2 protein chains.
Amino acid sequence: MTVKLGRAVQLDDLDRNILRALQADAGQSLDEIARQVGSSKTPVWNRIRKMRDAGVMGPSTVVVDPETIGLDACFFVLIRTSEHEAEWQQLFLAALRARPEVQEAHRLAGEIDYILKVRVANARAYDVFYQALISEVRVFNVTALLSMEEIKSSTALPL
Amino acid sequence: MTVKLGRAVQLDDLDRNILRALQADAGQSLDEIARQVGSSKTPVWNRIRKMRDAGVMGPSTVVVDPETIGLDACFFVLIRTSEHEAEWQQLFLAALRARPEVQEAHRLAGEIDYILKVRVANARAYDVFYQALISEVRVFNVTALLSMEEIKSSTALPL
DNA sequence: CCTGAAACAGAACAAAA
DNA sequence: TTTTGTTCTGTTTCAGG
């Protein structure tokens, strides 16, 4: 298990420019990146390695278009619960982490306790997921928001 | 401008295994991937190229840890509007697309019209964003949900 | 910490089974 | 459609400024 250490690593402009280039396309050659950021191969490579080691960047991934693989439905699920004990929470978190259709899960401040982003093939598949979830853990209230259109979806963070 | 064509490309088990491997780590060599999926370099490479061309995969990116670069606050924003004209919508979408702190934006079915995922440095930065947004476009009602804890965040789709 | 170069690994493609 | 082989581009390392 990897421990999450590094709080707020200090990055200079060159680091940030490199990150920007990698977020845009991680498949670029060092030469291309060096040219974009106005530096040369070795310093770029050193900084990439430094940031990797510091945990600033994770491994690179490919973004897969959900619709081409038949995942046409996306739901945001708002969950309220009456249970707030540690034991219940562990069970709930484990259930979420185990389900690949849950792309994101956040614990919230305020009235609503949790929000999930769930990707499934269709409404029927969402219902299967929903039934399975509420049979595993007790929740007080669930609201599902169905996405009609993905206006924007960006993995890139503003630097 | 790239046109989004390909509906539901047909993928076989080998394709799916390759995608899985690439989602886990796009930086792997063809040999490693080939070994994982029980095939060899060239067929793997051919399928990757085929899937790239078909638009199944986008470019590869690195996942940057928000907290190491000082983006400590994440909000989900639920928006209701009374305006449903095409002109207003275009303005609204353009505003969202132009703001890098908006990581995701969906148009919804039902009571709530839009949901946004917004990443900023702190609550103060969120307020700046919020004020700027409502000064650009008229919205009827806005609810912000503050994330206390990111339980799960996965870019990988279930295959 | 950067520049440049040399050594090495892997990707891209072609041919042929 | 896979296997094998060749070429060439890009990564990694290292010596010197």
Side-chain angles (χ1 to χ4, degrees), chain A residues 2 5-65 68-70 155-157 159, chain B residues 2-65 68-70 155-157 159:
Chain A
T2 320
L5 0 91
R7 297 261 105 211
V9 175
Q10 206 61 5
L11 303 176
D12 64 13
D13 285 351
L14 181 54
D15 291 319
R16 264 186 290 274
N17 285 335
I18 293 169
L19 268 187
R20 242 190 294 271
L22 286 175
Q23 283 195 140
D25 182 0
Q28 293 172 103
S29 76
L30 286 177
D31 279 319
E32 286 173 82
I33 296 167
R35 194 185 42 73
Q36 283 177 55
V37 302
S39 182
S40 62
K41 278 164 79 157
T42 318
V44 170
W45 189 80
N46 283 327
R47 282 148 183 277
I48 289 176
R49 221 168 68 86
K50 186 169 59 70
M51 291 193 282
R52 278 241 167 76
D53 295 346
V56 177
M57 314 188 259
S60 66
T61 56
V62 291
V63 180
V64 176
D65 177 18
T68 63
I69 58 166
T155 58
L157 299 175
L159 299 164
Chain B
T2 320
V3 182
K4 191 156 178 179
L5 3 91
R7 297 262 107 211
V9 175
Q10 206 63 4
L11 303 175
D12 63 15
D13 285 350
L14 181 54
D15 291 319
R16 264 185 291 271
N17 285 334
I18 292 169
L19 269 188
R20 242 189 294 270
L22 287 175
Q23 285 195 138
D25 181 1
Q28 295 172 101
S29 76
L30 287 178
D31 280 318
E32 286 172 83
I33 296 167
R35 196 184 41 74
Q36 283 178 56
V37 302
S39 182
S40 63
K41 278 166 78 157
T42 321
V44 169
W45 188 79
N46 283 330
R47 280 148 185 275
I48 289 177
R49 223 168 67 87
K50 185 168 59 72
M51 290 193 282
R52 277 237 171 77
D53 295 346
V56 176
M57 315 188 257
S60 66
T61 57
V62 292
V63 180
V64 175
D65 177 20
T68 65
I69 58 167
T155 58
L157 299 175
L159 300 164

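Predicted model only: the values in this text are computed from it and were never measured. Excluded from the calculations below are hydrogen atoms, water molecules and symmetry mates; all remaining heavy atoms, backbone and side chain alike, are included.
- Taking atom CD1 of residue A:I18 and atom P of nucleotide C:dC1, one finds them 13 Å apart after rounding to whole Å.
- B:S29 is linked by a side chain to side chain donor-acceptor pair (under 3.5 Å) to B:E32, counting only residues two or more places apart in sequence or in another chain.
- The backbone N or O of A:A21 sits nowhere less than 3.5 Å from a side-chain atom of A:Q36 that would complete a donor-acceptor pair.
- Note that CG of A:L22 is 6.5 Å distant from CE of A:M51, once rounded to the nearest 0.5 Å.
- Going from atom CG of B:N46 over to atom C1' of D:dT2 covers 9 Å, rounded to whole Å.
- If you check the side chains of B:R20 and B:N17, you find a donor sitting under 3.5 Å from an acceptor.
- Stem analysis of DNA chain D (Watson-Crick or G-U pairs, both distances under 3.5 Å, runs of at least three) returns C:1-6 with D:12-17, C:8-17 with D:1-10.
- What separates CZ of A:R47 from C1' of C:dT3 is a distance of 15 Å, to the nearest Å.
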Margin query: Checking A:D53 against A:K50 for the salt bridge (charged side-chain N to carboxylate O under 4.0 Å, His left out) test, could you report, in this order, the C-alpha distance in whole Å, the side-chain angles of both residues, the deciding distance, and whether it holds?
Written below: CA-CA 5 Å; A:D53 295 346; A:K50 186 169 59 70; over 6 Å; no

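- Two residues are said to be in side-chain contact when any heavy atoms from C-beta on lie closer than 4.5 Å; A:T155 and B:V63 fail this criterion.
- Of all the heavy atoms in A:R47 and A:L14, the pair that sits closest is NE-CD2, 3.2 Å.
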Next item on the list: Produce a footprint string for nucleotides 10-17 of chain C: one letter per nucleotide, 5' end first; B if the base is under 4.0 Å from any protein heavy atom, S if only the sugar-phosphate is, - if neither.
Entry: SBSSB---

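- The phosphate of C:dC2 (OP1 or OP2) has no side-chain N or O of A:S40 nearer than 4.0 angstrom.
- Considering only heavy atoms from C-beta on, B:S60 stays 4.5 Å or farther from A:T61 through its side chain.
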